[in-house]
A.B. asks: 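So that we are looking at the same thing, I have put the structure below in structure tokens.
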Amino acid sequence: MDRDYFSIESILAENQKISCDFKVDIPEMGHLGGGNERDIKAPCRIPLPVWLADWAEFTIPTPFGPRVRNALKAEARSVRLSSLVGAGGMWYGYGKMIMDMKSAYSTRPLKHVSPQTFRNRLMEVVDQAQHFATLGSLGAGGSSGDTAQSFREGLDATERELFSLAQESAKRTKRWYEESDRGRR
């Protein structure tokens, strides 16, 4: 994901908060901490949106910490990425921004986890999209619709978009096959 000024995905990812450590006093910026202080007094830790964190020291956020990385390495498909980063579920975009802001050394563990997670989850996303597209076209709504919705809710926003594209593609393919089959009879 690009850091595009007009991109809704980019705006949502940049709005995630990071705990930043201030090692020097910052005059006239106490309002950032949400309190009544006039200045930020060092040392202190204040959660800031990603777009402000470029100028502060911060640690790798929890959604990319060792526990999440270990869970993703063990079974990437079982992790609900959307619940890790809040509204919008922009786990991949948020991770890319963290990697862009931090040094290569400190984000080395993230460098491989994000693309590997995407690769490990992609086939499941496409398979489930095709499965639920077929069920929907057979008129089997009900619990299968709830299951599809539950599956989608655990996906990152990028994965949800791919799910929708794969589902629509499966429906169109089925429709084309049925229409071309009628002409042969």
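Side-chain atoms are counted along with the backbone in the values below, which use heavy atoms only and exclude waters and symmetry mates. Residues take their numbers from the sequence shown, with the count starting at 1.
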A.B. asks: Can a side-chain donor-acceptor contact be found between S164 and R152 if the only test is distance below 3.5 angstrom?
C.D. replies: yes
A.B. asks: So which of L72, L155, T158 actually passes side chain to side chain contact (heavy atoms under 4.5 Å, CB included) with L81?
C.D. replies: L72
A.B. asks: Atom NZ of K174 and atom NZ of K171: how far apart are they, to the nearest 0.5 Å?
C.D. replies: 11.5 Å
A.B. asks: Does V113 reach the side chain of F64, with side-chain heavy atoms less than 4.5 Å apart?
C.D. replies: no
A.B. asks: Of the non-hydrogen atoms in A76 and N120, which two are nearest, and what is the gap between them?
C.D. replies: CB-CB, 3.8 Å
A.B. asks: Quick one: do V68 and L84 satisfy side chain to side chain contact (heavy atoms under 4.5 Å, CB included)? Show the steps, please.
C.D. replies: CA-CA 9 Å; V68 173; L84 295 175; 3.8 Å; yes
A.B. asks: Tell me the salt bridge (charged side-chain N to carboxylate O under 4.0 Å, His left out) pairs involving residues 110-134, sequence neighbours left out?
C.D. replies: R77-E124, R121-E159
A.B. asks: Looking at every non-hydrogen atom in both residues, tell me the closest pair between Y94 and P63 and how far apart they are.
C.D. replies: CE2-CG, 4.3 Å
A.B. asks: In terms of heavy-atom contacts, does CZ of R80 have more than 12 from other residues, nucleotides or ligands at under 6.0 Å?
C.D. replies: yes
A.B. asks: For Q167 and A129, which heavy atoms make the closest approach, and how far apart are they?
C.D. replies: CG-O, 3.5 Å
A.B. asks: Using only atom types and a distance under 3.5 Å, with no angle test, would you say the side chain of D21 pairs donor to acceptor with the backbone of R45?
C.D. replies: no
A.B. asks: Check this for me: does any side-chain nitrogen of one of D156 and R160 sit under 4.0 Å from a carboxylate oxygen of the other?
C.D. replies: no
A.B. asks: F151: what forms a ring-ring contact (aromatic ring centres under 6.0 Å, His included) with it, not counting sequence neighbours?
C.D. replies: F163
A.B. asks: Out of curiosity, H112 NE2 to S114 OG, how far, rounded to the nearest 0.5 Å?
C.D. replies: 11.5 Å
A.B. asks: Do you know which two heavy atoms are closest between P27 and D25, and how far apart they sit?
C.D. replies: CD-O, 3.7 Å
A.B. asks: When you look at L162 and L122, which way does the side chain to side chain contact (heavy atoms under 4.5 Å, CB included) test go after all the steps?
C.D. replies: CA-CA 9 Å; L162 289 172; L122 181 61; 3.9 Å; yes
A.B. asks: If we only count heavy atoms from C-beta on, is the S19 to I46 side-chain gap below 4.5 Å?
C.D. replies: no
A.B. asks: Can you tell if the side chain of R172 reaches within under 4.5 Å of the side chain of R175, non-hydrogen atoms only?
C.D. replies: yes
A.B. asks: Who are the salt bridge (charged side-chain N to carboxylate O under 4.0 Å, His left out) partners of E37, not counting sequence neighbours?
C.D. replies: none
